[in-house]
A.B. asks: 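Structure provided below as structure tokens; questions to follow.
When a ligand or atom number is given, it counts from 1 through the structure's own listing order.
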Amino acid sequence: MIVTSTPEASPGTAADIVDRQRTTLFPWVKPYYAEPVVLSEGEGVWVKDVEGQDYLDFFAGILTTSIGHCHPAVTERVTRQMQRLGHTSTLYVTEPQLEVAQQIIDLAPEGLTRAAFTNSGTEAVETAIMAARVHTGRTEVVALRHAYSGRSSLATSITAHASWRPLPSTSAGIVHARSPYRYRAPLGPDATDEQLTAFFIDDLVETIETTTSGRPAALIVESIQGVGGFIVPTEGYLAQAAEVIRHYGGLFIADEVQTGFGRTGTHWFGCQHDGVAPDIMVMAKGIANGFPVAATVAREEVAASWGSLSVSTYGGNPVSMAATAATLDVMVEEDVPTRSETRGHQLRQALEGLQQRFEWIGEVRGRGLMQAMEIVADRTSKTPDAARTRALMQAAREEHLLIGAGGLSGHVIRTGPSMLITESETAEAIARLTRACERADAL
Ligand SMILES: Cc1ncc(COP(=O)(O)O)c(C=O)c1O
């Protein structure tokens with residue numbers, strides 16, 4: 001629990017602050033819950049609201065406070081950097097940027113030897129697509145249904161959720177193949193992973209053959225679809241999809257914004273579960289424990305193709321890089337892939353126990369400390385149940401447990417805490433989630 005308190009961080013009641021948000025920000029800045037939580041402090045997996053209530057943060061600001069709120073190593077390094085040099089732009093050389101580039105290249109799958117820094121996952125996706133288009137001299141991009149890529153015009157066109165698109169797709173040349181979504185595949189419950197993968201790969205080939213010129217620039221795939229509801233691809237899908245896109249002369253882009261840096265357990269990046277070395281990889285979220293940092297890494301010759309000028313005012317900012325370097329150092333020291341694997345196993349077993357108790361938990365899925373429950377009306381119809389999902393979110397909130405929602409219909413519960421979460425903190429989260437399920441069951 002958080003023991004310190006900063007009085008200057010409590011400027012009003014939660015209701016006053018929420019009112020101010022509603023009248024000053026764009027309406028699309030939409031927090032969770034009918035009565036949003038107004039947070040003012042954090043430490044490890046705990047956060048405190050402006051009224052002094054503690055919550056166990058089991059979603060980590062969308063899988064982003066990867067080593068816990070206000071980690072002292074990050075705070076210390078950022079403070080030191082802030083006192084020396086706060087900003088330069090990419091027009092000047094600073095060492096922290098190169099230190100982080102090397103850290104990332106050392107962790108990334110083989111062959112990804114060049115890095116570029118930006119400020120959000122959206123921008124990193126934009127950079128990846130631009131790099132693929134420049135390198136191949138082509139424009140068409142293949143994405144997957146249920147994808148989420150960010151909030152720019154291009155990213156919302158790649159995103160395949162009607163609810164996250166303010167406009168019809170505004171970018172030409174983006175097509176979508178089927179997501180390797182085992183639970184909702186039309187092959188029946190007895191289909192093997194091999195059969196499912198063959199089905200989804202056939203669809204990918206057919207999509208390229210029928211909806212592009214046959215000369216795509218790239219395929220972009222999340223190693224586990226995050227906003228889509230932690231959809232774990234069927235075994236072998238990523239590797240075969242990479243082969244397919246390369247066969248057509250395009251590049252394989254792995255979006256590791258949610259799955260990167262040990263989150264999925266055992267490996268540093270999600271695509272490594274399928275033994276894939278992408279041509280381009282996109283990272284953000286957990287990379288800097290909450291600082292606005294993203295990176296795009298690419299093979300040497302892909303990066304070399306981009307000859308025109310480009311600048312990022314804040315990309316590689318020394319303070320952001322200090323946060324990133326400190327976060328990555330802690331991740332390596334603490335061996336977060338192993339921690340995610342171990343704690344993820346503890347969590348997964350508990351979620352599967354809940355699935356046995358509650359008929360409305362259709363599927364439990366995920367990897368490492370990225371685990372989800374798909375909420376359905378019943379297991380035969382598999383009809384998404386967004387109302388029960390909202391009720392469960394609210395019940396968890398009442399248990400002072402923060403979890404996330406996702407899925408096409410907002411019917412998937414997502415969990416992804418700090419990878420430094422302890423065994424007893426995980427057990428505490430499970431106890432709260434169990435009570436929340438019991439309450440949601442009574443509805
Ligand atoms: C897989 C994936 N890619 C890209 C993005 C966009 O990142 P950002 O919100 O930092 O722009 C997200 C955000 O949730 C994401 O989940």
Side-chain angles (χ1 to χ4, degrees), residues 26 28-32 59-66 116-132 141-161 163-166 171 174 176 179-181 218-233 238 241 252-261 263-264 269-271 278 280-297 312 314-315 317 320 323-324 327 366-372 403-408 410 412 414-416:
F26 272 38
W28 58 255
V29 186
K30 236 186 173 61
Y32 277 151
F59 197 40
I62 327 179
L63 286 68
T64 297
T65 47
S66 46
F117 294 101
T118 48
N119 314 292
S120 66
T122 301
E123 260 188 284
V125 167
E126 293 267 351
T127 306
I129 301 290
M130 180 74 90
V141 172
V142 187
L144 298 183
R145 297 182 195 166
H146 302 265
Y148 183 87
S149 280
R151 50 173 308 280
S152 65
S153 286
L154 172 63
T156 52
S157 300
I158 296 170
T159 292
H161 287 243
S163 55
W164 291 108
R165 279 185 172 164
S171 303
I174 313 278
H176 291 89
S179 155
Y181 193 171
L219 167 68
I220 179 164
V221 177
E222 293 160 78
S223 298
I224 294 176
Q225 290 187 309
V227 174
F230 292 0
I231 299 170
V232 182
L238 294 181
F252 183 77
I253 303 173
D255 182 337
E256 296 277 353
V257 167
Q258 296 212 10
T259 46
F261 300 104
R263 172 61 60 188
T264 60
F269 295 95
C271 61
I280 306 179
M281 202 161 81
V282 177
M283 319 154 176
K285 294 202 192 290
I287 191 173
N289 209 36
F291 266 70
V293 176
T296 306
V297 292
S312 178
Y314 303 118
N317 169 284
S320 302
T324 314
T327 303
R367 275 196 174 125
L369 272 177
M370 185 174 182
Q371 297 289 338
I403 53 177
L408 196 57
V412 178
R414 296 190 289 160
T415 63

A.B. asks: Which atoms of ligand 1 are found less than 4.0 Å from any heavy atom of Ser120?
C.D. replies: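 Those qualifying, in numeric order: 10 (O), 11 (O).
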A.B. asks: Is the contact between Ser149 and ligand 1 made by the side chain, the backbone, both, or neither, using heavy atoms and a 4.0 Å cut-off?
C.D. replies: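 Contact part for Ser149 vs ligand 1: backbone (N, CA, C, O).
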A.B. asks: Within less than 4.0 angstrom of ligand 1, does Gln225 place any heavy atom?
C.D. replies: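 Heavy atoms of Gln225 never come under 4.0 Å of ligand 1.
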A.B. asks: Using the ring centroid of each side chain, check whether Tyr314 and Phe117 are separated by less than 6.0 Å.
C.D. replies: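 Judged by ring-centre distance (under 6.0 Å), Tyr314 and Phe117 do not meet the cut-off.
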A.B. asks: Starting from atom 13 (C) of ligand 1, find the nearest protein heavy-atom neighbour and note its residue, name and distance.
C.D. replies: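 Sorting protein heavy atoms by distance from atom 13 (C) of ligand 1 puts Lys285 NZ, 3.2 Å first.
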A.B. asks: Quick one: do Tyr148 and His161 satisfy ring-ring contact (aromatic ring centres under 6.0 Å, His included)? Show the steps, please.
C.D. replies: CA-CA 7 Å; Tyr148 183 87; His161 287 243; 7.0 Å; no
A.B. asks: Can you tell me how far CD1 of Ile224 sits from SG of Cys271, rounded to the nearest 0.5 angstrom?
C.D. replies: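 Between atom SG of Cys271 and atom CD1 of Ile224 there are 11.0 Å.
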A.B. asks: So if I count the atoms of ligand 1 from 1 in the order they appear, which ones are less than 4.0 Å from some heavy atom of Glu222?
C.D. replies: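 Near Glu222, meaning under 4.0 Å from one of its heavy atoms, ligand 1 has 1 (C).
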A.B. asks: Can a side-chain donor-acceptor contact be found between Gln371 and Thr415 if the only test is distance below 3.5 angstrom?
C.D. replies: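 Checked: Thr415/Gln371 side chains show no N/O donor-acceptor pair below 3.5 Å.
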A.B. asks: Quick test: of every protein heavy atom, which one is nearest to atom 16 (O) of ligand 1, and how far off is it to 0.1 Å?
C.D. replies: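 Answer for atom 16 (O) of ligand 1: Gln258 NE2, 2.9 Å.
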A.B. asks: Got a donor-acceptor contact below 3.5 angstrom from the Arg414 side chain to the Met370 backbone?
C.D. replies: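 No, Arg414 side chain to Met370 backbone: no donor-acceptor pair under 3.5 Å.
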A.B. asks: Distance from Ile280 atom CD1 to Ile129 atom CD1, nearest 0.5 Å?
C.D. replies: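 Reported to 0.5 Å precision, the distance equals 7.5 Å.
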A.B. asks: Do Ser179 and Gln225 pair up side chain to side chain, a donor and an acceptor below 3.5 Å, judged on atom types alone?
C.D. replies: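 On atom types as modelled, these side chains qualify, holding a pair under 3.5 Å.
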A.B. asks: Hey, what do you get for CD (Glu256) to CD (Glu222), rounding to the nearest 0.5 Å?
C.D. replies: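 Rounded to the nearest 0.5 Å, the CD-CD separation comes to 10.0 Å.
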A.B. asks: Relative to ligand 1, is Arg151 under 4.0 angstrom through side chain, backbone, both or neither, heavy atoms considered?
C.D. replies: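 Neither part.
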A.B. asks: Does ligand 1 have an atom that lies less than 4.0 angstrom from a heavy atom of Ile62?
C.D. replies: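 Ile62 does not count as a contact of ligand 1 under the 4.0 Å cut-off.
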A.B. asks: Report the part of Thr122 in contact with ligand 1, treating N, CA, C, O as backbone and CB onward as side chain, heavy atoms under 4.0 Å; options are side chain, backbone, both, neither.
C.D. replies: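 Looking at Thr122 and ligand 1, atoms from backbone and side chain both fall under 4.0 Å.
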A.B. asks: Identify the protein heavy atom lying closest to atom 3 (N) of ligand 1, giving its residue, its atom name and the separation to 0.1 Å.
C.D. replies: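 Here the nearest protein heavy atom works out to Asp255 OD2, 2.7 Å.
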A.B. asks: Counting heavy atoms only, which of Gly150, Gly260, Gly121 is nearest atom 7 (O) of ligand 1?
C.D. replies: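 It is Gly121 whose heavy atom sits nearest to atom 7 (O) of ligand 1.
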